[in-house]
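What follows is one structure encoded as structure tokens, with my remarks underneath.
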Amino acid sequence: MYSFFESVYQVIAQIPYAKVASYGQIACLLGNPQQARTVGWALKKCPDGLPWHRVVKADGSLAAGEYVELQQAILCSEGVFFTPDGKVDMEVFQWDGSPLFFDS
DNA sequence: CCACTGACTAGAG
DNA sequence: TCTCTAGCCAGTG
């Protein structure tokens, strides 16, 4: 079952420690820069072992709905610093997409 | 098969 | 600079 969601999960699974990626960035890696919404919807499925906390909005703010504080807590635990605005410093922590491994 | 929803993004007021 | 609106695709009912 290699659906769009599966691709989303694989990409997110490749996000390295102490790094974050925006929905649009993930969508771009999948080849569809406009599908940021669909990516977020895939995150809502939230499969086991998926580092959904490493996925943030384009401006660096969190987007996990009611799990926002949980996401911030996990990211803080991973070593990601937050600005007083409650946003991630994208200039420092945004994933560049290098460690991608399109296996199988 | 048709319609609605959704953890977004970018542009305009 | 902040807030609001429109558009996008895939999945579920």
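Quick note on labels: first sequence line is chain A, next is B, and so on, each numbered from 1. Keep in mind that what you see is a predicted model, and the values were worked out from it rather than measured.
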Quiz item: Nearest-Å distance, CG (A/Leu75) to P (B/dA7)?
Solution: 18 Å
Practice problem: Figure out the CD/P separation between A/Gln71 and B/dC8, and round it to whole Å. | Solution: 11 Å
Quiz item: From the list B/dA7, B/dT9, C/dA10, which nucleotide is the closest neighbour of the side chain of A/Ser22?
Solution: B/dT9
Exercise. Choose from C/dA10, B/dA7, B/dC8 the nucleotide whose nearest atom is closest to any side-chain atom of A/Trp52.
Key: B/dA7
Exercise. Determine the contact category for A/Ala58: base if any of its heavy atoms lies under 4.0 Å from a base atom, sugar-phosphate if only primed atoms, P, OP1 or OP2 are that close, otherwise nothing.
Key: sugar-phosphate
Self-check item: Whole-Å distance separating the CG atom of A/Leu50 from the P atom of B/dA7
Solution: 15 Å
Quiz item: Rounded to whole angstrom units, what separation is found between the OH atom of A/Tyr23 and the C1' atom of B/dG6?
Solution: 11 Å
Quiz item: Which residue, A/Arg37 or A/Phe4, contacts DNA chain C at a nucleotide closer to its 5' end, judged by nearest heavy atom?
Solution: A/Arg37
Quiz prompt | Test: A/Arg54 and A/Glu78 ion pair at under 4.0 Å | solution = yes
Exercise. Tell me what A/Ala63 touches on the nucleic acid: a base, only sugar-phosphate, or nothing, going by heavy atoms under 4.0 Å.
Key: base
Quiz item: Are A/Phe82 and A/Lys87 close enough that some pair of their side-chain heavy atoms sits under 4.5 Å apart?
Solution: no
Quiz prompt | Rounded interatomic separation in angstrom, taking CE from A/Met90 and P from B/dC8 | solution = 14 Å
Practice problem: Taking only the side-chain heavy atoms of A/Ala64 (C-beta and beyond), determine which of C/dC9, C/dT12, B/dA7 contains the nearest atom. | Solution: B/dA7
Exercise. First locate atom CG of A/Leu43, then atom OG1 of A/Thr38, and finally report the distance between them rounded to the nearest 0.5 Å.
Key: 11.5 Å
Practice problem: Could you tell me whether A/Tyr67 atom OH has more than 12 heavy atoms of other residues or ligands within 6.0 Å of it? | Solution: no
Self-check item: Value in whole Å for how far the P atom of B/dT9 lies from CD1 of A/Ile26
Solution: 9 Å
Quiz prompt | Options C/dC9, C/dG11, B/dA7, nucleotide nearest the side-chain atoms of A/Thr38 | solution = C/dC9
Quiz item: B/dC8 C1' sits how many Å from A/Leu29 CG, rounded?
Solution: 15 Å
Practice problem: Ignoring the backbone of A/Gln34, work out which of C/dA10, C/dG11, C/dC8 is nearest its side chain. | Solution: C/dC8
Exercise. Check every strand shown and say whether A/Lys44 touches a base, only sugar-phosphate, or nothing at a heavy-atom separation below 4.0 Å.
Key: base
Practice problem: Look at the side chain of A/Gln71 and the backbone N and O of A/Val55, then say whether any donor-acceptor pair between them is shorter than 3.5 Å. | Solution: yes
Quiz item: Rounded to whole angstroms, how far apart are CD on A/Glu6 and P on C/dC9?
Solution: 22 Å
